[in-house]
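Please read the structure below before turning to the comments.
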Amino acid sequence: MITAFLLYIGKVAILLAVFYLFYRLLMERETFHRFNRAILLLSVLIAFILPLCEITLHKTVLAASTPASGANVASGVASDSPLATYGNPLLWLFVIYLAGVVLKLLHTAISIYRLNKLISQCEQHPQADGTTIAVCAQNIAPFSWWNTIVFSRRDYQLQDSALLVHERAHINSYHSFDLLLMELAIALQWFNPAIWLTGRELRAVHEYEADASVLSGGVDAHHYLNLLMDRANAKLECKLANAISQQTLKNRFQMMARHRSKPSRLLKVLYLLPVVAITLALNAQTIIHYQAPEPAPSHPVADTILTQVPQKVAPDPVVKPHKQQSTQKTEPQPETALLTISGTVVDEEGNPLLGTAVKVHDGATGTITDFDGKFSLKVPKGTVVDFLNIGVATVSIQVKSDMTDQKIILKKDGSN
């Protein structure tokens with residue numbers, strides 16, 4: 001279970017890195033701000049969902065007779081021992097990963113608490129559009145959080161419409177929801193630089209989208225640029241919410257001066273399709289069902305004792321009863337008592353092995369394990385039963401009595 005989860009997290013990390021690289025190369029400089037925002041969020045969601053989508057192909061093959069490798073049935077004590085569990089490097093890797101997730105979530109929770117505490121200490125001014133302007137006594141850069149716009153007292157008294165339009169654009173576009181979603185994704189992929197860079201790109205797109213709303217309203221561009229530069233020098237800055245930051249001003253100026261991209265350049269987003277197709281192909285798996293070969297049909301020999309007598313010759317009344325008497329004394333031999341062997345076939349980690357061939361050694365009788373790795377077979381006493389699957393060593397068991405609820409552990413080829 002731990003191995004499968006860590007493998008899933010690794011696949012997500014690779015997909016996030018690929019999506020971020022393609023975004024930087026193809027879409028970062030385009031002016032489709034709302035579309036780019038959707039692409040970034042969609043890339044994160046696809047990266048987490050795509051590894052869970054597996055294309056399963058089924059194939060049925062005849063189970064060939066394989067010589068026993070001399071492996072015995074493991075009792076399961078070694079795999080459950082404390083040394084085998086706590087000495088597993090994957091377990092420690094999983095613990096480190098969980099610790100990072102918890103620390104990041106705790107950091108986000110503390111940031112939200114401090115942000116709400118700061119807003120609660122501000123002077124509240126409800127607006128007609130449902131938003132609230134919170135006036136802070138400290139010199140803080142303007143920012144928005146859900147339906148609240150936080151201004152310093154200086155900015156509130158200035159009553160500059162450009163700042164108000166900018167922050168309302170963040171609120172109307174639900175940018176706070178994007179930030180919380182990205183914080184969760186960062187927590188789950190805290191070790192991956194690609195998710196941190198994707199979060200930074202998303203924040204930049206938020207600012208591009210808000211800047212476009214301000215300039216489309218007829219605000220003078222030079223006045224707006226000076227206003228941003230002045231507010232970016234504030235002593236306090238909110239890291240979690242959408243706030244004016246000195247670090248993003250240069251890119252924002254360049255984006256505002258850029259000509260609008262042609263609609264045909266939207267086709268570049270089709271890079272998602274080959275990435276998704278390749279991922280599905282690599283994630284496909286083939287389940288092989290082993291089927292024991294059917295025994296050759298038997299052709300019973302017809303009884304020709306009576307038919308061999310010429311029809312023209314009258315049957316001897318003495319001999320015929322003698323033949324009938326001898327045939328009546330011949331009784332069928334009793335069938336050999338069958339013993340039952342049943343249980344579950346698992347791998348070294350305890351996962352059930354679907355499709356394992358359970359067959360009589362050098363014989364045609366057998367069965368296949370089901371989805372839970374369970375099997376049941378009736379064989380004569382003393383029969384050797386083989387357990388075969390691809391990539392694991394064959395296990396052979398001699399049935400001397402009824403053997404129910406057996407736990408058969410198949411080890412990988414070459415493992416001790």
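Computed from a predicted structure; not experimentally measured.
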Intermediate values then yes/no, salt bridge (Lys or Arg N to Asp or Glu O under 4.0 Å), Lys268 and Glu30: CA-CA 10 Å; Lys268 294 193 297 183; Glu30 304 298 337; 2.7 Å; yes

Residue pair Glu348, Lys412: steps toward the salt bridge (Lys or Arg N to Asp or Glu O under 4.0 Å) verdict: CA-CA 8 Å; Glu348 294 177 280; Lys412 295 182 180 180; 5.7 Å; no

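A side-chain donor from one of Glu183 and Thr108 sits under 3.5 Å from a side-chain acceptor of the other. No hydrogens or angles considered: nothing links the side chains of Tyr208 and Asn251 as a donor-acceptor pair under 3.5 Å. Between the side chains of Asn389 and Thr356, at least one donor N or O sits under 3.5 Å from an acceptor N or O. Between the side chains of Thr394 and Asp386, no donor-acceptor pair is found at a separation under 3.5 Å. Judged by distance alone, the side chains of Glu207 and His166 do bring a donor and an acceptor atom under 3.5 Å apart. Residues Gln127 and His125 have side chains that never bring a donor and an acceptor to within less than 3.5 angstrom of each other. For the 3.5 Å distance criterion, the side chains of Lys378 and Thr340 qualify, holding a donor opposite an acceptor.
Counting non-hydrogen atoms of neighbouring residues, nucleotides and ligands closer than 6.0 angstrom, the CZ atom of Phe22 reaches no more than 12 such neighbours.
Remark: the backbone N or O of Lys374 is not paired with any side-chain donor or acceptor of Asp372 at under 3.5 angstrom. Not one N or O on the side chain of Thr31 forms a donor-acceptor pair closer than 3.5 Å with the backbone of Arg260. Between the side chain of Asn351 and the main chain of Asp347, no donor-acceptor pair closer than 3.5 Å is present. Between the side chain of Ser173 and the main chain of Ala169, a donor-acceptor pair closer than 3.5 Å is present. No donor-acceptor distance shorter than 3.5 angstrom exists from the side chain of Thr132 to the backbone of Ile149, with no hydrogens or angles considered.
Between Phe5 and Tyr97, the distance from one ring center to the other falls under 6.0 angstrom.
Taken to the nearest 0.5 Å, the OH atom of Tyr23 stands 9.0 Å off from the OG atom of Ser43. Taking CD1 of Ile39 as the reference point, atom OG1 of Thr198 lies at 12.5 Å (rounded to 0.5 Å). Atom CG of Leu90 and atom CD of Glu349 lie 7.5 Å apart (nearest 0.5 Å).
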